[in-house]
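Taking it in order: structure first as structure tokens, then the write-up.
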Amino acid sequence: MVVEVPRWTNAKMEIATKEPLNPIKQDIKKGKLRYVSNIFPHKGYIWNYGALPQTWEDPNHKDKDMKCCGDNDPIDVCEIGSKVCSRGEVIQVKPLGVLALIDEGEMDWKIIAINIEDPEADKFNDIDDVKKYKPGYLEATVEWLKTYKVPDGKPENQFGFNGQLKDQAFAIEIIKETHEFWQNMVRKKTDCGDIVCKNVLVNDSPFCCGEEAAAAIVQAAPLPGKSDPVSPEVNVWHFIKK
């Protein structure tokens, strides 16, 4: 898992799939840096949030159960361990289950997982273990994902399977499927649209480049500038009527 957003932070950071080598960048909407609202009683994200590399929710594939097409991004992960990770950190996780989120008509699977280095990782081997050892966490996860866009004037998100989380076996099949979609994309067997598939590791990919070319892309990135002050609105608590 690549950690995009550490737990309890608000900045909406994402893997920028449309830029060379896919850096992590803050999302921008209407010319402003995007921050996720605080939904009472939470502060920012309630897990370490990120994505599984080498996965892709194909926008040309309609899920057989949800009848929705993929959101054109890597598959998302909500990591429930005790450690607050760092942005950009790469950790190995154990998938426990998956939630079928439908985001503005697009399929947006959320894998529930735990860092294998977590002191309690051995206790967690399926989604029911989360219910047993972290009571309330899954219910809070569903509620958070349902309402987090409401303060921005958007409707609540919808879920497949009546908002019920599917188990580990189901999650692994989703991961395998989206990995296969990624394999087809990076080998140019399917249309990647405006995603930049340039990479240094997939030798049989037509998008593969040498390390020198990749280093040149990194070196050409702009240097860090002066940070803009964060708006006080980022710390506002929002109360959603049930």
Side-chain angles (χ1 to χ4, degrees), residues 1-14 24 26-27 29 32-51 71 75-89 91 93-104 108-115 117-121 123-124 126-167 171 228-242:
M1 170 188 173
V2 177
V3 178
E4 298 166 309
V5 187
R7 187 168 79 238
W8 298 329
T9 64
N10 299 73
K12 187 75 173 72
M13 309 296 289
E14 296 182 335
I24 296 175
Q26 190 166 0
D27 192 22
K29 288 287 177 70
K32 293 184 178 181
L33 293 173
R34 187 177 168 196
Y35 294 88
V36 165
S37 299
N38 302 304
I39 306 296
F40 179 84
H42 308 295
K43 169 70 172 73
Y45 285 71
I46 64 174
W47 351 255
N48 294 302
Y49 189 74
D71 70 351
I75 197 166
D76 297 319
V77 186
C78 304
E79 192 280 315
I80 64 168
S82 57
K83 175 186 174 183
V84 177
C85 294
S86 302
R87 183 171 297 117
E89 190 172 351
I91 60 174
V93 295
K94 182 195 301 185
L96 303 171
V98 65
L99 182 64
L101 175 68
I102 300 171
D103 187 353
E104 298 182 26
D108 190 8
W109 295 104
K110 305 296 182 186
I111 299 292
I112 309 299
I114 190 166
N115 188 341
E117 300 296 332
D118 190 90
E120 295 186 312
K123 293 164 56 176
F124 293 85
D126 213 325
I127 199 67
D128 285 341
D129 294 324
V130 185
K131 299 174 185 176
K132 180 178 180 180
Y133 295 112
K134 293 181 182 281
Y137 207 169
L138 295 179
E139 292 82 355
T141 291
V142 172
E143 188 66 21
W144 193 98
L145 289 168
K146 181 170 73 173
T147 60
Y148 79 99
K149 291 184 178 181
V150 171
D152 298 327
K154 293 188 176 182
E156 292 182 346
N157 282 325
Q158 303 299 310
F159 300 96
F161 306 113
N162 294 318
Q164 297 299 308
L165 285 104
K166 306 299 280 185
D167 63 11
D228 288 335
V230 176
S231 169
E233 293 179 7
V234 174
N235 293 320
V236 170
W237 244 347
H238 295 269
F239 295 81
I240 308 296
K241 289 185 178 180
K242 302 293 184 182

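All values derive from a computational prediction rather than experimental measurement.
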Kindly give the heavy-atom pair with the smallest separation between [X] and [Y], and that separation in Å.
X      : Y      : answer
Ser82  : Pro119 : OG-CD, 3.9 Å
Asn157 : Glu104 : OD1-N, 4.4 Å
Gly163 : Leu99  : O-CD1, 3.7 Å
Gly50  : Met1   : N-CE, 3.5 Å
Val84  : Pro6   : CG1-CB, 4.2 Å
His42  : Trp237 : O-NE1, 2.9 Å

Do the non-hydrogen side-chain atoms of [X] and [Y] ever get within less than 4.5 Å of each other?
X      : Y      : answer
Tyr133 : Glu120 : no
Leu33  : Lys12  : no
Val77  : Pro95  : no
Lys29  : Asp152 : no
Lys43  : Asn10  : yes
Tyr35  : Gln26  : yes
Glu79  : Ile114 : yes
Ile80  : Leu96  : yes

Once you round to the nearest 0.5 Å, how far does [atom1] of [X] lie from [atom2] of [Y]?
X      : Y      : atom1 : atom2 : result
Arg7   : Tyr49  : CZ    : OH    : 16.0 Å
Met13  : Ile24  : CE    : CD1   : 7.0 Å
Phe159 : Leu165 : CZ    : CG    : 9.0 Å
Ile91  : Asn115 : CD1   : CG    : 4.0 Å
Asp129 : Ile112 : CG    : CD1   : 13.5 Å

Original post:
With sequence neighbours excluded, what pairs up with Asp103 under the salt bridge (Lys or Arg N to Asp or Glu O under 4.0 Å) test?
Top reply: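 By the salt bridge (Lys or Arg N to Asp or Glu O under 4.0 Å) rule, Asp103 matches Lys149.
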**OP:** Could you check Asp71 against Trp109 for side-chain contact (heavy atoms from CB on, under 4.5 Å), going step by step and ending with a plain yes or no?
**Re:** CA-CA 9 Å; Asp71 70 351; Trp109 295 104; over 6 Å; no
Short question: side chain of [X], backbone of [Y] - any donor-acceptor pair under 3.5 Å?
X     : Y      : result
Asp76 : Lys110 : no
Arg87 : Glu4   : yes
Asn48 : Lys83  : yes

Original post:
Is Lys132 atom NZ crowded by more than 12 heavy atoms from other residues, nucleotides or ligands, each under 6.0 Å away?
Top reply: no
Show the atom names and distances, to 0.1 Å, of all donor-acceptor pairs under 3.5 Å that link a side chain in residues 138-146 to residues at least two apart or in another chain.
unit_1 : atom_1 : unit_2 : atom_2 : d
Glu139 : OE1    : Gly136 : N      : 3.4
Thr141 : OG1    : Trp47  : NE1    : 2.9
Thr141 : OG1    : Tyr137 : O      : 2.9
Glu143 : OE2    : Lys242 : NZ     : 3.3
Trp144 : NE1    : Gly44  : O      : 3.1

Original post:
Would you call Asp128 and Lys131 a salt bridge, using N to O less than 4.0 angstrom?
Top reply: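 Looking at Asp128 and Lys131, the cut-off is met.
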